[in-house]
2 protein chains.
Amino acid sequence: MSKLAQLAAAASAPPCCPSLTDRELTEEEAEITAAMFKALGDPVRLRLFSKVASHPDREACVCDIADVGVSQPTVSHHLKKLREAGLLLSERRGTWVYYRVAPAVLAALSGFLTARD
Amino acid sequence: MSKLAQLAAAASAPPCCPSLTDRELTEEEAEITAAMFKALGDPVRLRLFSKVASHPDREACVCDIADVGVSQPTVSHHLKKLREAGLLLSERRGTWVYYRVAPAVLAALSGFLTARD
DNA sequence: CCGTTAATTAGATATGCATCGAATCAATCA
DNA sequence: TGATTGATTCGATGCATATCTAATTAACGG
(Lines give C-alpha, C1' and ligand atoms only; values in the text may rest on other atoms or scores of the structure.)
Protein backbone atom coordinates (compact mmCIF):
# COMPACT_ATOMS: atom_id res chain seq x y z
CA MET A 1 0.00 0.00 0.00
CA SER A 2 1.43 3.34 -0.98
CA LYS A 3 2.05 6.08 1.52
CA LEU A 4 -0.58 8.19 -0.15
CA ALA A 5 -3.09 5.38 -0.01
CA GLN A 6 -2.33 4.93 3.69
CA LEU A 7 -2.92 8.60 4.35
CA ALA A 8 -6.05 8.45 2.25
CA ALA A 9 -7.33 5.46 4.16
CA ALA A 10 -6.64 7.21 7.44
CA ALA A 11 -8.34 10.36 6.21
CA SER A 12 -11.40 8.50 4.98
CA ALA A 13 -11.86 6.41 8.10
CA PRO A 14 -14.82 7.61 10.10
CA PRO A 15 -15.35 10.02 11.70
CA CYS A 16 -13.05 12.10 9.54
CA CYS A 17 -14.16 13.57 6.24
CA PRO A 18 -15.68 16.94 6.98
CA SER A 19 -18.16 18.31 4.52
CA LEU A 20 -16.87 21.31 2.64
CA THR A 21 -19.22 23.54 4.55
CA ASP A 22 -18.22 22.31 8.00
CA ARG A 23 -14.83 23.94 8.30
CA GLU A 24 -11.84 24.76 6.19
CA LEU A 25 -9.39 21.98 5.44
CA THR A 26 -6.06 21.77 7.18
CA GLU A 27 -2.98 21.84 5.01
CA GLU A 28 -2.54 18.08 5.39
CA GLU A 29 -6.16 17.32 4.57
CA ALA A 30 -5.87 19.56 1.53
CA GLU A 31 -2.81 17.63 0.36
CA ILE A 32 -4.53 14.26 0.67
CA THR A 33 -7.83 15.29 -0.81
CA ALA A 34 -6.25 17.28 -3.63
CA ALA A 35 -4.23 14.20 -4.57
CA MET A 36 -7.46 12.26 -5.10
CA PHE A 37 -9.05 14.99 -7.16
CA LYS A 38 -5.83 15.30 -9.10
CA ALA A 39 -6.00 11.63 -9.96
CA LEU A 40 -9.48 12.18 -11.37
CA GLY A 41 -8.34 15.35 -13.10
CA ASP A 42 -6.96 13.69 -16.22
CA PRO A 43 -9.46 12.79 -18.97
CA VAL A 44 -7.87 9.43 -19.75
CA ARG A 45 -7.73 8.45 -16.09
CA LEU A 46 -11.29 9.60 -15.52
CA ARG A 47 -12.47 7.49 -18.44
CA LEU A 48 -10.62 4.46 -17.09
CA PHE A 49 -12.18 5.06 -13.69
CA SER A 50 -15.59 5.52 -15.26
CA LYS A 51 -15.24 2.31 -17.23
CA VAL A 52 -14.46 0.34 -14.10
CA ALA A 53 -17.24 1.95 -12.07
CA SER A 54 -19.90 1.44 -14.70
CA HIS A 55 -18.94 -2.16 -15.44
CA PRO A 56 -21.14 -4.99 -14.18
CA ASP A 57 -20.33 -5.76 -10.55
CA ARG A 58 -18.36 -2.51 -10.55
CA GLU A 59 -15.20 -4.31 -11.51
CA ALA A 60 -13.44 -4.87 -14.80
CA CYS A 61 -10.51 -6.66 -16.32
CA VAL A 62 -7.84 -4.40 -17.79
CA CYS A 63 -8.59 -6.00 -21.13
CA ASP A 64 -12.14 -4.62 -20.89
CA ILE A 65 -11.17 -1.01 -20.29
CA ALA A 66 -7.81 -0.56 -22.00
CA ASP A 67 -9.28 0.90 -25.17
CA VAL A 68 -8.86 4.58 -24.42
CA GLY A 69 -6.53 5.54 -27.22
CA VAL A 70 -3.17 5.35 -25.48
CA SER A 71 -0.45 2.72 -25.38
CA GLN A 72 -0.41 -0.25 -23.02
CA PRO A 73 2.31 1.17 -20.76
CA THR A 74 0.41 4.42 -20.52
CA VAL A 75 -2.77 2.61 -19.48
CA SER A 76 -0.79 0.76 -16.83
CA HIS A 77 0.73 4.03 -15.70
CA HIS A 78 -2.66 5.67 -15.23
CA LEU A 79 -4.10 2.67 -13.43
CA LYS A 80 -1.17 2.82 -11.06
CA LYS A 81 -1.89 6.47 -10.34
CA LEU A 82 -5.50 5.63 -9.55
CA ARG A 83 -4.35 2.83 -7.27
CA GLU A 84 -1.87 5.09 -5.49
CA ALA A 85 -4.56 7.69 -4.94
CA GLY A 86 -6.62 5.01 -3.19
CA LEU A 87 -9.40 5.15 -5.77
CA LEU A 88 -9.00 1.72 -7.34
CA LEU A 89 -8.06 -1.69 -6.01
CA SER A 90 -6.56 -4.41 -8.17
CA GLU A 91 -6.48 -8.15 -7.92
CA ARG A 92 -5.01 -10.79 -10.17
CA ARG A 93 -7.34 -13.62 -11.09
CA GLY A 94 -5.68 -16.14 -13.32
CA THR A 95 -4.36 -14.58 -16.46
CA TRP A 96 -6.21 -11.33 -15.96
CA VAL A 97 -6.01 -8.43 -13.55
CA TYR A 98 -9.25 -6.96 -12.28
CA TYR A 99 -9.80 -3.45 -10.99
CA ARG A 100 -12.61 -2.26 -8.77
CA VAL A 101 -13.60 1.01 -7.19
CA ALA A 102 -12.58 1.52 -3.58
CA PRO A 103 -16.01 2.18 -2.07
CA ALA A 104 -15.12 4.04 1.12
CA VAL A 105 -12.90 6.56 -0.60
CA LEU A 106 -15.49 7.27 -3.25
CA ALA A 107 -18.15 7.85 -0.60
CA ALA A 108 -15.76 10.11 1.28
CA LEU A 109 -15.16 12.30 -1.75
CA SER A 110 -18.86 12.47 -2.48
CA GLY A 111 -19.57 13.42 1.11
CA PHE A 112 -16.90 16.03 1.01
CA LEU A 113 -18.59 17.69 -1.96
CA THR A 114 -22.03 17.53 -0.38
CA ALA A 115 -22.96 20.73 1.40
CA ARG A 116 -24.57 20.30 4.79
CA ASP A 117 -27.06 22.99 5.75
CA MET B 1 -18.27 33.28 -18.93
CA SER B 2 -15.46 31.07 -20.10
CA LYS B 3 -15.95 28.37 -22.72
CA LEU B 4 -15.19 25.76 -20.10
CA ALA B 5 -17.72 27.24 -17.72
CA GLN B 6 -20.32 27.19 -20.51
CA LEU B 7 -19.63 23.55 -21.23
CA ALA B 8 -19.72 22.86 -17.53
CA ALA B 9 -23.04 24.59 -17.15
CA ALA B 10 -24.44 22.65 -20.07
CA ALA B 11 -23.09 19.42 -18.67
CA SER B 12 -24.51 20.06 -15.21
CA ALA B 13 -27.95 21.06 -16.40
CA PRO B 14 -30.49 18.35 -15.69
CA PRO B 15 -31.01 15.68 -16.81
CA CYS B 16 -27.33 15.22 -17.58
CA CYS B 17 -24.82 14.20 -14.92
CA PRO B 18 -24.82 10.44 -14.85
CA SER B 19 -23.71 8.73 -11.71
CA LEU B 20 -20.43 6.92 -12.11
CA THR B 21 -22.19 3.59 -11.97
CA ASP B 22 -24.79 4.42 -14.63
CA ARG B 23 -22.61 4.26 -17.70
CA GLU B 24 -19.12 5.16 -18.81
CA LEU B 25 -18.40 8.78 -19.67
CA THR B 26 -18.10 9.95 -23.23
CA GLU B 27 -14.83 11.58 -24.22
CA GLU B 28 -16.41 15.02 -24.06
CA GLU B 29 -17.95 14.42 -20.65
CA ALA B 30 -14.62 13.16 -19.42
CA GLU B 31 -12.92 16.35 -20.63
CA ILE B 32 -15.41 18.59 -18.86
CA THR B 33 -15.57 16.64 -15.63
CA ALA B 34 -11.83 16.09 -15.47
CA ALA B 35 -11.34 19.84 -15.79
CA MET B 36 -13.39 20.37 -12.62
CA PHE B 37 -11.53 17.69 -10.70
CA LYS B 38 -8.28 19.12 -11.96
CA ALA B 39 -9.21 22.51 -10.57
CA LEU B 40 -9.72 20.89 -7.16
CA GLY B 41 -6.54 18.87 -7.56
CA ASP B 42 -4.14 21.52 -6.35
CA PRO B 43 -3.69 21.86 -2.58
CA VAL B 44 -3.63 25.64 -2.63
CA ARG B 45 -6.74 25.85 -4.80
CA LEU B 46 -8.55 23.28 -2.68
CA ARG B 47 -7.76 25.30 0.44
CA LEU B 48 -9.07 28.47 -1.18
CA PHE B 49 -12.21 26.62 -2.23
CA SER B 50 -12.59 25.15 1.23
CA LYS B 51 -12.20 28.56 2.84
CA VAL B 52 -14.96 30.01 0.70
CA ALA B 53 -17.28 27.04 1.22
CA SER B 54 -16.85 26.96 4.98
CA HIS B 55 -17.21 30.71 5.45
CA PRO B 56 -20.44 32.12 6.93
CA ASP B 57 -23.10 32.39 4.22
CA ARG B 58 -20.78 30.28 2.04
CA GLU B 59 -19.15 33.34 0.59
CA ALA B 60 -15.97 35.20 1.43
CA CYS B 61 -14.04 38.28 0.52
CA VAL B 62 -10.65 37.64 -1.06
CA CYS B 63 -9.14 39.42 1.91
CA ASP B 64 -10.60 36.70 4.16
CA ILE B 65 -9.10 33.77 2.32
CA ALA B 66 -5.89 35.06 0.73
CA ASP B 67 -3.67 33.79 3.53
CA VAL B 68 -2.55 30.51 1.99
CA GLY B 69 1.18 31.16 1.77
CA VAL B 70 1.52 32.30 -1.81
CA SER B 71 1.80 35.72 -3.41
CA GLN B 72 -1.15 37.95 -4.29
CA PRO B 73 -0.91 37.33 -8.06
CA THR B 74 -0.78 33.60 -7.41
CA VAL B 75 -3.91 33.74 -5.28
CA SER B 76 -5.65 35.66 -8.06
CA HIS B 77 -4.43 33.13 -10.57
CA HIS B 78 -5.88 30.22 -8.61
CA LEU B 79 -9.20 31.95 -8.03
CA LYS B 80 -9.42 32.54 -11.76
CA LYS B 81 -8.87 28.82 -12.39
CA LEU B 82 -11.66 27.97 -9.98
CA ARG B 83 -13.92 30.48 -11.70
CA GLU B 84 -13.10 29.12 -15.15
CA ALA B 85 -13.86 25.60 -14.00
CA GLY B 86 -17.30 26.81 -12.96
CA LEU B 87 -16.72 26.09 -9.29
CA LEU B 88 -16.69 29.62 -7.90
CA LEU B 89 -18.58 32.79 -8.75
CA SER B 90 -17.26 36.24 -7.99
CA GLU B 91 -18.91 39.58 -7.45
CA ARG B 92 -17.53 42.98 -6.63
CA ARG B 93 -19.18 44.76 -3.72
CA GLY B 94 -17.65 48.13 -3.09
CA THR B 95 -13.97 47.85 -2.41
CA TRP B 96 -14.01 44.12 -1.98
CA VAL B 97 -14.54 41.13 -4.23
CA TYR B 98 -16.59 38.25 -2.87
CA TYR B 99 -16.44 34.64 -3.98
CA ARG B 100 -19.09 32.02 -3.47
CA VAL B 101 -19.48 28.37 -4.37
CA ALA B 102 -21.50 27.60 -7.49
CA PRO B 103 -24.13 25.30 -5.97
CA ALA B 104 -25.34 23.37 -9.03
CA VAL B 105 -21.88 22.35 -10.16
CA LEU B 106 -20.91 21.21 -6.71
CA ALA B 107 -24.04 19.09 -6.44
CA ALA B 108 -23.35 17.65 -9.87
CA LEU B 109 -19.85 16.56 -8.89
CA SER B 110 -21.14 15.06 -5.66
CA GLY B 111 -23.84 13.20 -7.55
CA PHE B 112 -21.33 11.96 -10.02
CA LEU B 113 -19.29 10.41 -7.23
CA THR B 114 -22.31 8.84 -5.57
CA ALA B 115 -22.87 5.26 -6.61
CA ARG B 116 -26.41 4.31 -7.38
CA ASP B 117 -27.34 0.72 -6.65
C1' DC C 1 8.15 -24.59 -22.69
C1' DC C 2 5.36 -21.38 -24.85
C1' DG C 3 1.69 -17.86 -25.19
C1' DT C 4 -0.95 -14.22 -22.96
C1' DT C 5 -1.74 -10.44 -19.90
C1' DA C 6 -0.25 -6.55 -17.81
C1' DA C 7 3.19 -4.31 -14.91
C1' DT C 8 7.57 -2.23 -15.02
C1' DT C 9 11.79 -0.01 -16.64
C1' DA C 10 14.41 3.07 -19.44
C1' DG C 11 15.07 6.87 -22.17
C1' DA C 12 13.27 10.59 -24.63
C1' DT C 13 10.28 14.49 -25.84
C1' DA C 14 7.03 17.94 -25.30
C1' DT C 15 3.92 20.32 -22.73
C1' DG C 16 1.78 22.12 -18.67
C1' DC C 17 1.73 24.16 -14.33
C1' DA C 18 2.92 26.54 -9.92
C1' DT C 19 5.40 30.02 -8.51
C1' DC C 20 7.89 34.32 -8.15
C1' DG C 21 8.88 39.59 -8.53
C1' DA C 22 7.77 43.75 -10.48
C1' DA C 23 4.72 46.40 -12.54
C1' DT C 24 0.40 47.99 -14.10
C1' DC C 25 -4.55 48.54 -14.38
C1' DA C 26 -9.42 48.96 -12.78
C1' DA C 27 -12.85 49.83 -9.46
C1' DT C 28 -14.09 51.92 -5.38
C1' DC C 29 -14.10 55.03 -1.60
C1' DA C 30 -12.70 58.86 1.38
C1' DT D 1 -6.46 63.27 -5.60
C1' DG D 2 -4.82 59.55 -3.10
C1' DA D 3 -5.33 55.02 -0.88
C1' DT D 4 -6.96 50.32 -1.08
C1' DT D 5 -8.27 45.93 -3.16
C1' DG D 6 -7.54 42.63 -6.32
C1' DA D 7 -7.11 41.38 -11.29
C1' DT D 8 -3.88 41.23 -14.95
C1' DT D 9 0.41 41.14 -17.52
C1' DC D 10 5.22 39.97 -18.34
C1' DG D 11 9.13 37.34 -18.10
C1' DA D 12 11.40 33.80 -15.98
C1' DT D 13 12.39 29.47 -13.55
C1' DG D 14 11.87 24.87 -12.16
C1' DC D 15 9.34 20.89 -11.68
C1' DA D 16 5.68 17.64 -12.91
C1' DT D 17 3.23 15.18 -16.19
C1' DA D 18 1.55 12.73 -20.38
C1' DT D 19 3.04 10.39 -23.92
C1' DC D 20 5.76 7.44 -26.89
C1' DT D 21 8.81 3.20 -28.30
C1' DA D 22 11.26 -0.70 -27.07
C1' DA D 23 12.32 -3.99 -24.03
C1' DT D 24 11.92 -6.65 -20.06
C1' DT D 25 9.73 -8.97 -16.23
C1' DA D 26 6.17 -11.49 -13.59
C1' DA D 27 2.26 -14.34 -13.14
C1' DC D 28 -0.52 -17.56 -14.91
C1' DG D 29 -2.44 -21.34 -17.98
C1' DG D 30 -2.11 -25.00 -21.21
Side-chain angles (χ1 to χ4, degrees), chain A residues 1-5 27 30-49 51-52 55 59-85 87-100, chain B residues 1-5 27 30-31 33-52 55 59-85 87-100:
Chain A
M1 195 181 202
S2 72
K3 189 173 185 181
L4 178 56
E27 278 194 49
E31 290 282 346
I32 295 167
T33 312
M36 295 190 197
F37 285 130
K38 190 175 187 176
L40 295 176
D42 176 87
V44 172
R45 271 199 298 273
L46 188 58
R47 284 182 67 203
L48 287 170
F49 190 73
K51 276 169 177 272
V52 172
H55 223 256
E59 76 172 15
C61 170
V62 175
C63 59
D64 289 326
I65 61 175
D67 182 25
V68 287
V70 296
S71 70
Q72 183 259 320
T74 301
V75 168
S76 240
H77 162 75
H78 284 308
L79 289 174
K80 185 178 188 179
K81 287 283 184 80
L82 289 167
R83 260 186 287 137
E84 288 175 344
L87 295 169
L88 288 184
L89 304 171
S90 69
E91 181 193 352
R92 174 163 223 121
R93 229 175 283 152
T95 306
W96 298 278
V97 177
Y98 288 81
Y99 278 79
R100 63 181 192 280
Chain B
M1 197 181 199
S2 73
K3 187 172 185 181
L4 178 56
E27 278 193 51
E31 291 281 346
T33 312
M36 296 190 196
F37 284 130
K38 190 174 187 176
L40 294 176
D42 176 87
V44 172
R45 272 199 296 275
L46 188 58
R47 285 181 67 203
L48 286 170
F49 190 74
S50 159
K51 276 170 178 270
V52 171
H55 223 255
E59 76 172 15
C61 170
V62 175
C63 60
D64 289 327
I65 61 176
D67 182 25
V68 286
V70 296
S71 70
Q72 184 260 321
T74 301
V75 168
S76 242
H77 162 75
H78 283 309
L79 289 174
K80 185 179 188 176
K81 288 282 184 81
L82 289 167
R83 261 185 288 136
E84 287 176 345
L87 295 169
L88 288 184
L89 305 171
S90 69
E91 181 192 353
R92 175 164 220 120
R93 229 175 283 153
T95 307
W96 297 277
V97 176
Y98 287 81
Y99 278 80
R100 65 180 191 282

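Order of the sequence lines sets the chain letters (A, B, ...), proteins ahead of strands, with each chain counted from 1. Just so it is clear, the values below take in all heavy atoms, side chains as well, and ignore hydrogens, waters and symmetry mates.
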Could you check whether any side-chain heavy atom of Leu79(B) comes within less than 4.5 Å of a side-chain heavy atom of Ile65(B), counting everything from C-beta outward?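 Heavy-atom side-chain distance check passes, below 4.5 Å.
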Quick one: does Glu59(A)'s side chain get under 4.5 Å of His55(A)'s, heavy atoms only?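 Answer no - side chains too far apart.
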Indicate, with a heavy-atom threshold strictly under 4.0 Å, whether Val44(B) touches base, sugar-phosphate, or nothing. sugar-phosphate
Does OP1 or OP2 of [N] have a side-chain N or O of [X] closer than 4.0 Å?
X	N	value
Thr95(A)	dC28(D)	no
His78(A)	dT19(D)	yes
His77(B)	dA18(C)	yes
Tyr99(A)	dT5(C)	no
Arg45(B)	dA18(C)	yes
Lys81(B)	dA18(C)	yes
Lys38(B)	dG16(C)	no
Arg83(A)	dT8(C)	yes

Rounded distance (Å) that lies between atom [atom2] of [N] and atom [atom1] of [X]:
X	N	atom1	atom2	result
Glu84(B)	dG16(C)	CD	C1'	15 Å
Leu48(B)	dA7(D)	CG	C1'	15 Å
Asp67(A)	dT5(C)	CG	C1'	16 Å
Leu79(A)	dT5(C)	CG	P	16 Å
Leu82(B)	dC17(C)	CG	P	14 Å
Glu91(B)	dA27(C)	CD	C1'	14 Å
Lys80(A)	dT19(D)	NZ	C1'	16 Å

So if I take the C1' atoms of five pairs at each end of the helix from dC1(C)-dG30(D) to dA30(C)-dT1(D) and get each local axis, what angle do the two axes make, rounded to 10 degrees? 40°
Straight-line distance of [X] [atom1] to [Y] [atom2], nearest 0.5 Å:
X	Y	atom1	atom2	answer
Asp67(B)	Leu48(B)	CG	CG	10.0 Å
Tyr99(A)	Leu87(A)	OH	CG	12.5 Å
Asp42(B)	Glu31(A)	CG	CD	8.5 Å
Met36(B)	Leu82(B)	CE	CG	12.0 Å

Tell me if a side-chain donor or acceptor on Arg45(A) pairs with a main-chain N or O of Arg47(A) at a distance below 3.5 Å.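 It does not hold such a pair.
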For Gly94(A), is there any backbone N or O sitting under 3.5 Å from a side-chain donor or acceptor partner on Arg92(A)? yes
Under 4.0 Å protein heavy-atom contacts per nucleotide of nucleotides 20-25 of chain C, with B for base, S for backbone only and - for none: B-B---
Could you check Lys51(A) against Val68(A) for side-chain contact (heavy atoms from CB on, under 4.5 Å), going step by step and ending with a plain yes or no? CA-CA 10 Å; Lys51(A) 276 169 177 272; Val68(A) 287; 3.8 Å; yes
Determine, step by step, whether Lys38(A) and Lys81(A) satisfy the side-chain contact (heavy atoms from CB on, under 4.5 Å) criterion, reporting the C-alpha distance in whole Å, the side-chain angles of both residues, the deciding distance to 0.1 Å, and the verdict. CA-CA 10 Å; Lys38(A) 190 175 187 176; Lys81(A) 287 283 184 80; over 6 Å; no
To the side chain of Asp42(B), which of dT19(C), dT8(C), dG6(D) is closest? dT19(C)
